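The model shown is predicted, which means the values in this text are computed figures rather than measured ones. Just so you know, these numbers use all the heavy atoms, side chains as well, and skip hydrogens, waters and symmetry mates. This chain uses plain numbering: 1 for the first residue, then up along the sequence.
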Amino acid sequence: MKKYLTFLFFLCHIAIGNAQQVFSLGDDQKSIDSIQTIIKKSSSDSIKSILNLQLSNLYRRNKELELSTLYLKKAKTHLKNNAF
């Protein structure tokens, strides 16, 4: 019974945590522009990789799957040059 209640407790917290995510409705252009500017200025492959993943996620949320795939591939190429 204790395991069941613990599982139920964590399940409720996961559901509540996902419900509290904030998504803008198509107003991601400012974020996309600023992330692209940082990528151009950065010399670190790890930063470029992380930011390309963020861009991929933004485009995926906006249903632009081709651009999402493009930035995901860019992130993977930066990971190949990184030690982590």
Side-chain angles (χ1 to χ4, degrees):
M1 183 70 175
K2 187 176 180 180
K3 289 181 183 180
Y4 176 74
L5 289 175
T6 304
F7 175 74
L8 186 61
F9 175 78
F10 285 116
L11 185 64
C12 289
H13 279 285
I14 290 170
I16 291 170
N18 285 337
Q20 293 178 356
Q21 289 182 349
V22 177
F23 293 111
S24 59
L25 300 174
D27 191 27
D28 292 327
Q29 194 58 43
K30 290 180 184 178
S31 300
I32 290 170
D33 291 341
S34 64
I35 291 172
Q36 287 175 340
T37 303
I38 295 170
I39 289 173
K40 289 177 185 175
K41 292 181 180 180
S42 177
S43 61
S44 171
D45 282 342
S46 59
I47 291 175
K48 288 181 181 181
S49 178
I50 292 168
L51 292 176
N52 277 313
L53 285 173
Q54 287 180 352
L55 279 175
S56 176
N57 187 34
L58 284 171
Y59 282 122
R60 183 186 53 80
R61 281 194 316 188
N62 290 327
K63 308 289 189 244
E64 297 181 38
L65 298 179
E66 291 179 11
L67 287 173
S68 175
T69 305
L70 172 74
Y71 284 103
L72 186 60
K73 288 179 182 178
K74 285 184 179 183
K76 286 181 181 179
T77 59
H78 290 296
L79 281 177
K80 290 179 183 176
N81 301 332
N82 206 333
F84 72 90

Enquirer: Give every residue pair that meets the ring-ring contact (aromatic ring centres under 6.0 Å, His included) criterion with at least one member in residues 27-54, sequence neighbours excluded.
Expert: none

Enquirer: Please round to the nearest 0.5 Å and tell me the distance separating atom NZ of Lys48 and atom CG of Asn52.
Expert: 9.0 Å

Enquirer: Any donor-acceptor pair under 3.5 Å linking the side-chain atoms of Ser42 with those of Ser44?
Expert: no

Enquirer: Which residues pass the side-chain contact (heavy atoms from CB on, under 4.5 Å) test with Ile38, not counting sequence neighbours?
Expert: Leu51

Enquirer: Could you pull out the closest heavy-atom pair between Leu58 and Arg61, with the gap in Å?
Expert: CD2-NH2, 2.9 Å

Enquirer: Of all heavy-atom pairs between Ala75 and Ser49, which one has the smallest distance, and what is that distance?
Expert: O-OG, 3.2 Å

Enquirer: Running the 4.5 Å side-chain criterion over Ile, Leu, Val, Met, Phe, Trp and Tyr, what cluster does Leu53 land in, apart from itself?
Expert: Leu72

Enquirer: If you round to the nearest 0.5 Å, how far is CD1 of Ile32 from OG1 of Thr37?
Expert: 11.5 Å

Enquirer: With sequence neighbours excluded, what pairs up with Thr69 under the side-chain contact (heavy atoms from CB on, under 4.5 Å) test?
Expert: Lys73

Enquirer: Give, for atom OG of Ser31 and atom CD of Gln54, the distance between the pair rounded to the nearest 0.5 Å.
Expert: 9.5 Å

Enquirer: Go through the structure and list residues passing side-chain hydrogen bond (donor to acceptor under 3.5 Å, both in side chains) with Gln36, not counting sequence neighbours.
Expert: Tyr71

Enquirer: Nearest 0.5 Å, what's the CG-CD distance between Leu70 and Glu64?
Expert: 11.5 Å

Enquirer: So Leu55 and Ile39, side chain to side chain contact (heavy atoms under 4.5 Å, CB included) or not? Walk me through it.
Expert: CA-CA 10 Å; Leu55 279 175; Ile39 289 173; 3.7 Å; yes

